[in-house]
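Report on one structure; see the data block that follows.
Computed from a predicted model, the values in this text were never measured in an experiment. The first residue of the sequence shown is numbered 1, and numbering continues consecutively from there. Just follow the structure's listing: the first ligand is 1, and inside any ligand the first atom is 1.
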Amino acid sequence: MSKSVSPVPFTRPQVKVPPHPQWPTLTDVELSATKTRIKKLLARRDAVLVAHYYTSPDLQELAEESGGCVADSLEMARFGSVQNAKTLVVCGVRFMGETAKILNPEKHVLMPDLNATCSLDEGCPADEFSRFCDQHPDHTVVVYANTSARVKARSDWVVTSGIALPIVKYLSERGEKVLWAPDKHLGRYVQKLTGIEMLLWQGSCVVHEEFKAVALERIRKLHPEAAVLVHPESPEAVIGQADVVGSTTALIRAVQQMDNKSFIVATDGGIFHKMKQLAPDKQLIEAPTAGEGATCQSCAHCPWMGMNSLQNLEQVLDSGENEILIDAEVREKAVIPIQRMLDFADKYQKNKR
Ligand code: 13P
Ligand code: SF4
């Protein structure tokens with residue numbers, strides 16, 4: 001089935017990984033008072049929280065308690081677009097805030113920390129990417145949502161991990177060749193399952209890259225009954241051991257729906273909160289990031305997701321600072337492939353029902 005996967009002769013810029021931020025631990029009384037103040041500020045600004053599964057349990061709970069959502073990146077984009085609120089506060093990483101703004105130019109989009117970027121986004125500079133596209137005009141350009149607005153503006157399709165495979169299958173059926181960026185692991189996984197001809201940008205997620213295949217084999221031997229759940233940003237040899245490969249939502253659903261009593265989970269540890277909430281009787285085991293050759297910098301905790309906290313959320317809601325702004329010309333171009341993805345996902349999910 002496998003056709004050509006041509007790696008790009010490009011060394012991606014060294015992405016500087018920040019230390020994981022430390023936030024003060026709040027007592028129950030402080031936590032409850034902080035949440036109450038934030039809810040008031042949300043009402044005052046006519047704002048709604050849109051949070052990712054990798055953010056802290058406190059933020060996830062607050063998002064849900066206050067009528068917002070906790071979701072994967074596809075659902076975050078969708079949720080923001082159907083809100084009447086004047087302001088969206090995106091607790092996640094920068095590309096998620098930018099996608100929200102691109103889809104909702106009339107709304108204010110705020111983020112607790114504008115430095116909350118993503119190694120995939122950082123590893124795909126727009127000018128270099130654009131030159132690469134220019135060299136391959138016969139390829140359909142498919143970019144992962146974890147990219148800047150300018151990179152999206154240069155693409156034909158945007159995909160998230162939740163919809164990448166069906167979209168690329170569709171392109172494959174139309175006989176198209178794909179130029180894929182930036183995540184080489186997700187790209188290789190999609191290429192393997194579709195057989196499509198693909199040029200791969202050589203980016204990766206510093207968090208998922210740390211999962212270790214040899215150590216995972218060992219843990220699987222200790223827990224032979226456990227199902228292995230893997231996010232497709234992980235290395236090929238880790239994906240190769242998975243019972244389920246999918247988006248954060250797909251992995252959460254697997255814990256709820258599979259009969260297994262235990263699960264080895266290869267993705268950011270933030271996801272455990274929702275998994276425990278929905279399946280409290282299941283045993284969850286972190287996939288190993290240590291072992292031979294380990295250079296663990298983030299140890300299954302995205303440092304950029306960690307930049308979101310109740311403290312800076314409150315500050316931003318109070319001041320109105322940290323607004324996401326997108327150049328109008330870039331937005332006009334970037335909205336097309338994002339909307340194409342959302343329309344495709346709507347139809348695809350309706351047909352599946
Ligand atoms: P999901 O779309 O699966 O939530 O993934 C986003 C992400 O950044 C994973 O690292
Ligand atoms: Fe980006 Fe990886 Fe963090 Fe997801 S976990 S936001 S892909 S750095």
Report summary line: Nearest non-hydrogen protein atom to atom 3 (Fe) of ligand 2, with distance, is Cys302 SG, 2.4 Å
Query raised in the report: Can you list the ligand 2 atoms lying under 4.0 Å from a non-hydrogen atom of Glu233?
Result: 2 (Fe), 7 (S)
Report summary line: atom 1 (Fe) of ligand 2 has as its nearest protein heavy atom Cys118 SG, 2.4 Å
Requested in this report: May I ask you to decide if the ring planes of Trp201 and Phe132 are parallel, tilted or perpendicular, using 30° and 60° as cut-offs?
Outcome: tilted
Query raised in the report: Would Gln349 and Lys352 count as having a side-chain donor-acceptor pair, cut-off 3.5 Å?
Result: no
Query - Interfacing atoms of ligand 2 (cut-off 4.0 Å, heavy-atom, Trp304) - result: 8 (S)
Query raised in the report: Should the pair His231 and His208 be assigned to parallel (<30°), tilted (30 to 60°) or perpendicular (>60°) ring geometry?
Result: tilted
Query raised in the report: Taking the side chain as C-beta and beyond, is there a heavy-atom pair between Met341 and Lys152 under 4.5 Å?
Result: no
Query raised in the report: Does a donor on one side chain sit under 3.5 Å from an acceptor on the other, for Thr267 and Tyr54?
Result: yes
Requested in this report: List every atom of ligand 2 that sits less than 4.0 Å from any heavy atom of Val93, numbering the atoms from 1 in the order shown and giving each element.
Outcome: 6 (S)
Query raised in the report: Rounded to the nearest 0.5 Å, what separation is found between the SG atom of Cys205 and the NE2 atom of His185?
Result: 9.0 Å
Query raised in the report: How close does the nearest protein non-hydrogen atom get to atom 2 (O) of ligand 1, and which residue and atom is it?
Result: Ser73 OG, 2.4 Å
Query raised in the report: Tell me, which protein residue and heavy-atom name are nearest atom 5 (O) of ligand 1, and how many Å apart are they?
Result: His231 NE2, 3.4 Å
Query raised in the report: With only distance considered, is Thr248 within less than 3.5 Å of ligand 1 through an N or O on each side?
Result: yes
Report summary line: A student checking ligand 1 against Tyr54 at a 4.0 Å heavy-atom cut-off should list atoms 9 (C), 10 (O)
Query raised in the report: Salt-bridged, Arg94 to Glu122, with N to O below 4.0 Å?
Result: no
Requested in this report: Look at Cys205 and state whether any of its N, O or S atoms is less than 2.8 Å from atom 1 (Fe) of ligand 2.
Outcome: no
Query - Atoms in ligand 2 with a heavy atom of Ser119 nearer than 4.0 Å - result: 8 (S)
Query raised in the report: Can you list the ligand 1 atoms lying under 4.0 Å from a non-hydrogen atom of Asp72?
Result: 1 (P), 2 (O), 4 (O)
Query raised in the report: Between the side chains of Glu98 and Ser148, is a donor N or O closer than 3.5 angstrom to an acceptor N or O?
Result: no
Query raised in the report: Any N/O of Ser161 closer than 3.5 Å to an N/O of ligand 1?
Result: yes
Query raised in the report: Can you find an N/O atom of Ser247 closer than 3.5 Å to an N/O atom of ligand 1?
Result: no
**Report entry** Top protein contact for atom 8 (O) of ligand 1, by heavy-atom distance
**Finding:** Asn146 ND2, 3.1 Å
Requested in this report: For Asn146, counting its heavy atoms only, list the atoms of ligand 2 lying under 4.0 Å from any of them.
Outcome: 1 (Fe), 7 (S)
**Report entry** Euclidean distance, Lys39 NZ relative to Glu65 CD, rounded to 0.5 Å
**Finding:** 4.0 Å
Requested in this report: Indicate yes or no: does Arg340 engage Asp156 in a salt bridge with an N to O separation below 4.0 Å.
Outcome: no
Report summary line: One finds that the ligand 2 atoms under 4.0 Å from a non-hydrogen atom of Leu120 are 7 (S)
**Report entry** Under-4.0 Å salt bridge between Asp127 and Arg154
**Finding:** no
Query raised in the report: If you measure from each non-hydrogen atom of Val206 to ligand 2, which part falls under 4.0 Å: side chain, backbone, both or neither?
Result: neither
**Report entry** Same apolar cluster: Leu88 and Leu317, side chain cutoff 4.5 Å
**Finding:** no
Query raised in the report: Given that the side chain starts at C-beta and the backbone is N, CA, C, O, which of these parts of Tyr53 lies under 4.0 Å from ligand 1, counting heavy atoms, or is it both or neither?
Result: neither
Query raised in the report: Taking non-hydrogen atoms only, is Thr249 closer than 4.0 angstrom to ligand 1 via side chain, backbone, both or neither?
Result: neither
Query raised in the report: Taking atom CG of Asp72 and atom NZ of Lys274, what is their separation to the nearest 0.5 Å?
Result: 12.5 Å
Report summary line: Note: heavy atom closest to atom 10 (O) of ligand 1, options Met305, His52, Glu233, belongs to Glu233
